[in-house]
Structure formats: C-alpha cells, structure tokens
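Labels below follow one simple rule: chain letters A, B, ... track the order of the sequence lines, proteins then strands, and each chain is numbered from 1.
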Amino acid sequence: MLDIKYIRENADEVGKFSAEKGVKVDVDALLENDAKMRELNGRLEELRKERNEIAEAGKKARPTEEQIARGRELKVEIEEIEKEFKGAEESFIKLIKEVPNKPWDDVPVGHTEDENVVAETIGKPTEFDFEPRNHWDIATHKGWIDKERAAKVTGARFAYIKGDLVKLQMAVINWVMKVLTDRTEIEKIIEQYGLKDVSNKPFEPVLPPYMIKTEMYDAMDRLGNGEDRYKIEGSDLWLQGSAEHVLGSMYAGEILEEKDLPMRMLGYATSFRQEAGTYGKDMEGIIRMHQFDKLEMESFTTAEQGFNEHLFFVAIQRYLLEELSLPYRVLQKCTFDIGKPNARGIDMEVWLPGQGKYRETHTADYMTDYQARRLKTRVRKADGEVELIHTNDATAFALGRILIAIIENFQNQDMSVSIPAVLRPFMYGQETI
RNA sequence: GGAAGAGUGGCCGAGUGGUUGAAGGCGCACGACUCGAAAUCGUGUUUGGGUAAAACCAACGGAGGUUCGAAUCCUCUCUCUUCCGCCA
C-alpha cells in the first residue's frame, strides 16, 4: 500500500504510473473518499471530546441529569457517524489497496512482458559436439523424474524426483547455505561486483511454515485474486507460493531496532502454485510444476539501505550462476512486468541448450516500503525515529529449474551429467551422475 | 480433540466501572556525584492520527455488546500455559 499523503500530493503521477503498470486505479474516487473520511473523522473527534469531558466530570462528582442526557445524545450521534465512517473506511481501503507501488526511476515503461530489456548477457550458449538433449529426455532415461506415476497419484504438473537428481538438489542447497551464511563469501561478492554501502552480514537460514493466513497473504500483496493459490479447505489458510510470503510477513506489527538491520533470511521451502492461466504451457519436463522447492532470500532494511540491498541480491544471483558456469542474461523488467507491489524487478534467464533458449530461473524484487506499510513492520532508527522498513526478496535458486539448467548445460553424449566443480564437495566427490 | 487458567508498555508486573495512556520494578537514554567506574540520586522513556507547534482523538490479543462513562462487566474469537487424549 502507498502512503495516502503521497497520493494526495502526487495524484497525477500516481495515475500515470498506475497506467504504465497496467493497473486500473480511480485516483479521483480515492481522494474523494479520503476527504469524506477526514471530514467524518473530524466530527467524530469533536463528539468524542465532549463525551470524554462529561466522563471526566463524572469522576469528581455524580453526573447530573443534564450530563447523562447529553451523554445519551452523544452516544447515538457517535454511533451513527462511526457507522458512516466505517463504511467510508472500507471503500477507502479497497481503493487504496488497488494503487500499485511507484516504479523506480530506471524501470523501462512497457505494456507487455516482451518489453523487458535485456541488460546484459553473460557467457555464451554452451556448445556441444553432439546434438544436446532436453532435460526431460535425459532425466526420464536416467529414471530421475517420474511424471507418469505422479499423474496417477496427484495429476498433471507433479513429479517424483529420484536418485542422483535428489542428491544433486541436496548438494545445491548445501552449497548455497554455505556461501550465504559465510561472512567472507558475502564480502567476496560485495567486492567482486563493486557494491558500495552494503552490509557484510550473513544470512540466517530459515525453515518457514508452508501455510499462511489470508490476512498476511493480503498484506504482502501476493494473494492477488487467489486464483494461482491453493486454499486449505475448512480453514483460513493458504499454501504459500514462495517463501517470500511467509518470511516477509514474519515480523508484521513489530518495531525492529536499526542495529539489527539488515535482517537477512535464507528460506528453504516447497512452494505451491496453481499455475492459473498457463494451461498447456511447459507441459514437458519439470519446468512448471504445481510444487517446487526453492531457496529464497528475504531482507529487511532501512529506507536508505533498500536499493543497495536490491543490487546486492542481484549480485548474489549472478555470483551463484557464474560459480556454476551457467550462461545467462539479466533482464530489467518493464513497468508492466515488475508486479504491483514492486518498485523494481530483475529477472535472470539461464541458457537451456536442450530447448535452445533462455528461460527464467531467478527474480529479484524490491518493494520499498509498500509491503511494510500494511504489514506494519517498522524500524526504530538510532535517533529514535520510527519508520517503515524496506523489503527485498530474490530467488537464490528455484531447485527444479536449476537442476534443469545443470542437466542441459552439463550433459554428455552418453546422457550422463557432469557435476559443476563447486558442487562436487557436496556430492562427496562424485563427478558425474 | 476434551477440561481449567491466562493474555496490560522493550521485559516483569499492579489495576474496587469514573484524577490509569496506564502504579511499581527491570532495562535503556541523558544528567549529577567520581580521576574514572560501580553504587546512589535526578530526569526522561508506547504507537498511530491531528497541528506551524499545541490542544485534541484512538489503541490494554482481536471483533461485537452493556453503560452518561469500560483495561475493568457480557458474548464470540484468536493465542499461550497446565492437565487428559492422540501422535512424528
């Protein structure tokens, strides 16, 4: 949610960037509603003041008949206006929730995802002296994935992952855990990518709950219309679609101390998505599943640190991909594609030789204080001032997709897959699978 | 799932329906004392709205109700603790 004060003072701009994000917002109706609420609130405060004065007098002496009579009148009046106020507030909240976050200055304006801008391409598409296969041919041949039996048990877009591929996933997890919880590794990344004014604080690993209440999901502004989420029948809970949802809401309503920021979390969780609107898309292999495991970074910072933290997260993603020697490109997402709560969004796409194209494996999102405003997650600064925190989230690895990238880029002619050097210590020295 | 008890400020903890936005203590900040520190003493120490600043309004887990007046009474709900049941 945006600050209503900001919307009042920048109504035209809010209308403009909302349109650029492809979000329909009635700013005029919102401001009218805001004015009405303020007017009602003013009247309420006056009446409450009078009520308080009578109550105060009642402390010293028994209230007189006139006071009690006036009190009765006030009670009725206050009730009426409160009711009206509540109605106004309800429609106000509905309207202000629709207003998207303001895009960062360098976000390109675009109206479809095709207008995302390729900012940089690192490495060259992997070359083979044989015709490279796609991951599902290799994985099915090796018995690493079984979608047919999964279809029997759970339906489409599920898979059993088996054998060496499971070990590879564990190796990726352990490697990332090591890198991101090690201060010297963090310092190395900061230096390697020339980052300035970024903390060297390591991440804290977190295994979060996989379910989330409607209220928190909505406050994170990641529930949408609920279509892409799984609702738990007979309860107020949903399956999370990303560890971001349960990590970002973890400190809702709390005031953190500035000395504890940045608060960096490395969450590992299975995520669940209905994949609404993707019918028939990516049905081969394990690129688009209803369930996938993910290592997710989440961070809370002050407003000043927020943007640098975002750049830091992007640097981590680059570092991880480069350590794996995977060819990839960096996409700066346009206004249409960054998402409603986002101020800025970067995607990483890894080259998949089996499919002959780049596919999305990573996203880095910077939400400024947009999520924090409704979550009421704040920080007490060193000078005692209390302000909203800034939230950042980014993929460390979506395991399914990174396994795909490794299989396709490190495949050998005999359908074995070489293990990238950095992962070998976590495969107990195993060099191919 | 069943039974009983409890939810108050950063923490502990008072609180007969009317000087309680909240005693007291701890912690913290500043000051005094000291060469310095400890101890001691003094002052300050919730958040949001509102204002130029004030006044003022709101909040004692959450929602609703009773009352001229609710942290205090009633209803529902959530969470925690203990006991029982079940269980990795």
Side-chain angles (χ1 to χ4, degrees), chain A residues 1-9 30-97 207-219 231-238 246 249-261 263 268-270 300 302-303 369-389:
Chain A
M1 190 168 82
L2 279 186
D3 187 357
I4 183 62
K5 284 184 195 160
Y6 181 84
I7 300 175
R8 268 182 221 140
E9 288 159 17
L30 174 63
L31 292 179
E32 262 172 51
N33 207 317
D34 173 49
K36 187 180 173 198
M37 243 174 71
R38 286 154 64 85
E39 196 262 327
L40 289 172
N41 191 49
R43 280 162 61 195
L44 263 183
E45 285 196 3
E46 267 174 51
L47 295 172
R48 281 179 183 148
K49 184 180 175 186
E50 196 181 341
R51 180 183 67 185
N52 289 347
E53 282 165 358
I54 293 173
E56 181 73 20
K59 289 175 187 170
K60 293 175 187 119
R62 267 246 158 300
T64 63
E65 283 304 314
E66 296 87 79
Q67 284 173 329
I68 290 177
R70 179 60 187 148
R72 287 207 175 104
E73 280 174 26
L74 283 171
K75 194 162 92 161
V76 174
E77 274 186 76
I78 288 173
E79 256 169 37
E80 271 173 23
I81 300 177
E82 271 178 350
K83 205 174 158 193
E84 205 180 334
F85 180 83
K86 238 180 213 176
E89 191 182 35
E90 213 169 283
S91 60
F92 173 80
I93 290 172
K94 195 163 170 255
L95 285 166
I96 196 170
K97 272 162 69 173
L207 294 176
Y210 287 9
M211 297 186 200
I212 179 167
K213 290 180 184 172
T214 305
E215 182 197 355
M216 285 299 154
Y217 222 156
D218 192 44
K231 183 76 196 289
I232 306 295
E233 196 177 351
S235 92
D236 184 41
L237 294 169
W238 304 74
V246 275
S249 49
M250 189 174 168
Y251 291 86
E254 300 190 34
I255 299 177
L256 310 171
E257 297 297 328
E258 184 173 9
K259 67 177 168 57
D260 296 326
L261 301 188
M263 194 173 271
Y268 175 70
T270 304
F300 300 153
T302 59
D369 62 7
Y370 190 89
Q371 289 177 319
R373 184 162 289 107
R374 270 172 72 201
L375 290 164
K376 296 189 177 66
T377 310
R378 290 165 293 175
V379 53
R380 180 173 285 107
K381 304 290 288 291
D383 62 9
E385 288 295 305
V386 172
E387 61 177 42
L388 294 167
I389 59 150

Using atom [atom1] of each nucleotide, how far apart are [N] and [M] to the nearest Å?
N     : M     : atom1 : answer
B/U47 : B/U82 : P     : 33 Å
B/C11 : B/U46 : P     : 13 Å
B/G7  : B/A14 : C1'   : 15 Å
B/A59 : B/C26 : C1'   : 25 Å
B/U19 : B/A71 : P     : 10 Å
B/C84 : B/G10 : C1'   : 37 Å
B/U34 : B/U45 : C1'   : 26 Å
B/U72 : B/G18 : P     : 11 Å

Do [X] and [Y] sit within salt-bridge range, that is, some charged N less than 4.0 Å from a carboxylate O?
X     : Y     : result
A/E39 : A/R43 : yes
A/E82 : A/R48 : yes
A/E73 : A/R70 : yes

Please report, rounded to the nearest Å, how far the [atom2] atom of [N] is from the [atom1] atom of [X].
X      : N     : atom1 : atom2 : result
A/E215 : B/U79 : CD    : P     : 13 Å
A/R380 : B/C28 : CZ    : P     : 15 Å
A/E82  : B/G65 : CD    : C1'   : 13 Å
A/K376 : B/G61 : NZ    : P     : 17 Å
A/I78  : B/U67 : CD1   : C1'   : 13 Å
A/M216 : B/G62 : CE    : P     : 13 Å
A/I93  : B/G48 : CD1   : P     : 18 Å
A/R43  : B/G49 : CZ    : C1'   : 18 Å

Is any side-chain heavy atom of [Y] closer than 4.5 Å to one of [X]?
X      : Y      : result
A/F92  : A/I4   : yes
A/V246 : A/Y210 : no
A/I54  : A/L74  : yes

Take A/W238 and A/I232, measure what side-chain contact (heavy atoms from CB on, under 4.5 Å) needs, and give me the verdict at the end. CA-CA 5 Å; A/W238 304 74; A/I232 306 295; 5.9 Å; no
Heavy-atom closest pair (A/T377 atom, A/L256 atom, distance to 0.1 Å) is CG2-CD1, 4.2 Å
A/R374 side-chain N/O to A/D218 backbone N/O, donor-acceptor pair under 3.5 Å: yes
Categorize [X] for me: base, sugar-phosphate, or nothing, with a 4.0 angstrom heavy-atom threshold over every strand shown.
X      : answer
A/R38  : sugar-phosphate
A/K213 : nothing
A/K259 : nothing

Quick one: stems involving RNA chain B, counted as three or more successive Watson-Crick or G-U pairs, both distances short of 3.5 Å. B:1-7 with B:78-84, B:10-12 with B:24-26, B:27-32 with B:40-45, B:46-49 with B:56-59, B:61-65 with B:73-77
Using atom names, set out every protein N or O paired with an N or O of nucleotides 53-60 of chain B below 3.5 Å, distance rounded to 0.1 Å.
| from | atom 1 | to | atom 2 | distance (Å) |
| --- | --- | --- | --- | --- |
| B/C57 | OP1 | A/N52 | ND2 | 2.8 |
| B/C57 | O2' | A/R48 | NH1 | 3.3 |
| B/A58 | OP1 | A/R51 | NH2 | 3.2 |
| B/A58 | OP2 | A/N52 | ND2 | 3.2 |

Where do A/M216 and A/L375 land on the side-chain contact (heavy atoms from CB on, under 4.5 Å) test, with the steps shown first? CA-CA 8 Å; A/M216 285 299 154; A/L375 290 164; 4.2 Å; yes
RNA chain B: 5'-proximal contact among A/E387 and A/E79 (nearest heavy atom): A/E387
Of the listed nucleotides B/G48, B/G50, B/G18, the one nearest the side chain of A/R378: B/G48
Just checking A/E53: does its CD atom have more than 12 heavy atoms from other residues, nucleotides or ligands closer to it than 6.0 angstrom? yes
With A/E387 as partner, the option from A/R380, A/K381, A/R373, A/K376 fulfilling salt bridge (charged side-chain N to carboxylate O under 4.0 Å, His left out) is A/K381
Apply side-chain contact (heavy atoms from CB on, under 4.5 Å) to the pair A/K213 and A/L237, showing each step before the final yes or no. CA-CA 5 Å; A/K213 290 180 184 172; A/L237 294 169; 4.0 Å; yes
Close residues, residues 68-76 of chain A, relative to RNA chain B [heavy-atom separation under 4.0 Å]: A/I68, A/G71, A/R72, A/K75
Short side-chain N/O contact to B/G48 OP1/OP2 from A/K5, under 4.0 Å: no
